[in-house]
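Okay, so here's the structure we're looking at.
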Amino acid sequence: MQMGTMTSTEIFKKAHPGDRTLLTEVESKALVQEAGIPVVPTHLARNKSQAARIAQALGLPVVMKVVSPEVVHKSDVGGVKTGLRSLRQVRAAYDDLVASTRKALPSASILGVAVQRMAPPGVEVILGAFRNPEFGHVVMFGLGGVMVEVLQDVSLRLVPLTRRDARQMVREIKGFSLLNGYRQHPPCDILALEEALLNLSLFLEKHPEVKELDLNPVFCYPQGILAVDARVVLEEVNPNT
Ligand code: ADP
Ligand code: MG
């Protein structure tokens with residue numbers, strides 16, 4: 001149950017080679033944590049009493065999300081509940097999350113529910129990566145929400161990243177001033193973002209089998225950052241090679 005007890009080798013082995021290329025949020029977060037990027041503590045619960053025990057150990061409030069290899073965007077199936085403040089709410093949320101996922105996607109296999117600490121609000125950014133067949137891994141950085149979806153305000157670099165690349169990636173997005181502090185908003189920890197980009201690049205160099213990686217969102221604070229969602233997709237294994 002403890003996150004981090006499974007090494008990246010074990011996580012890769014468990015899912016790959018096999019029929020599963022989309023890692024669960026719990027598996028993805030364990031990899032990202034091992035890569036040296038701070039993630040919000042997250043554990044898999046397989047039933048509601050386990051969920052309540054985990055919530056009690058983490059401390060309330062918690063966030064709960066459905067864990068299913070078939071669900072890519074958890075919010076789309078009603079699979080995310082934030083701000084759960086009592087064990088009663090935690091138990092009810094378990095059933096609600098399973099029920100709404102079943103309703104939205106009857107064929108989905110549900111492994112359980114991820115119970116995690118509720119992170120304090122911060123500036124939302126996105127760290128991502130994808131593998132280009134010709135050039136290898138590309139790292140992406142942008143601001144969360146509309147900034148990336150509508151305005152496509154992102155910066156891109158090929159792996160391996162230099163420190164200079166990481167510095168530029170954070171600074172060249174149009175929305176940089178939102179990170180750098182404005183009016184009464186304190187600046188967020190830009191050095192921690194650069195560090196995360198560099199660690200991501202090192203991780204990708206070590207793991208060519210990663211096809212896509214998405215940390216969306218990462219909360220950015222005056223001191224430190226915290227990934228609250230993670231999604232890793234592995235390359236399909238070709239049985240003939
Ligand atoms: P999806 O699979 O739909 O992308 P997310 O895990 O990103 O689901 O959760 C949806 C939203 O819920 C996030 O964008 C974030 O605003 C909020 N959220 C998720 N996890 C946490 C958390 N641990 N603490 C605080 N807010 C969270
Ligand atoms: Mg997300």
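Atoms within a ligand are numbered from 1 in the order they appear, just like the ligands themselves. In this text, all values refer to a predicted model and were calculated from it rather than measured experimentally.
- Distances under 2.8 Å from the Mg ion (ligand 2) pick out the protein N/O/S atoms Asn216 O, Asp229 OD2.
- The shortest separation from a heavy atom of Glu124 to ligand 1 is under 4.0 Å, placing the residue in contact.
- Of the protein's non-hydrogen atoms, Thr82 CG2, 4.2 Å is the one closest to atom 17 (C) of ligand 1.
- Close approach to Asp229 involves these atoms of ligand 1, each under 4.0 Å from a residue heavy atom: 1 (P), 2 (O), 4 (O), 5 (P), 6 (O), 7 (O), 8 (O).
- The proximity of Asn216 to ligand 1, defined as any non-hydrogen pair under 4.0 Å, is limited to the backbone.
- The shortest N or O to N or O distance between Lys74 and ligand 1 is below 3.5 Å.
- The protein heavy-atom contact nearest to atom 13 (C) of ligand 1 is Pro217 CD, 3.7 Å.
- Lys74 places a side-chain heavy atom less than 4.5 Å from the side chain of Asp229.
- Considering only non-hydrogen protein atoms, atom 22 (C) of ligand 1 sits nearest to Val63 CG2, 3.6 Å.
- For ligand 1, the polar-atom distance check finds an N/O of Lys65 within less than 3.5 Å of one of the ligand's N/O atoms.
- Crowding of Arg171 atom CZ: a count of heavy atoms from other residues, nucleotides or ligands under 6.0 Å exceeding 12.
- For CD of Glu70, the number of neighbouring non-hydrogen atoms (other residues, nucleotides, ligands) closer than 6.0 Å is greater than 12.
- Of the heavy atoms in Val228, both backbone and side-chain atoms come closer than 4.0 Å to ligand 1.
- Remark: ligand 1 and Ala119 share an N or O pair separated by less than 3.5 Å (distance only, no angle test).
- Of all the heavy atoms of Gln116, the ones lying under 4.0 Å from any atom of ligand 1 belong exclusively to the side chain.
- For atom 11 (C) of ligand 1, the nearest non-hydrogen atom of the protein is Val80 CG1, 4.7 Å.
- Closest to atom 23 (N) of ligand 1 among all protein heavy atoms lies Arg117 O, 2.9 Å.
- Protein heavy atom nearest atom 3 (O) of ligand 1, with residue, atom name and distance: Ser75 OG, 2.5 Å.
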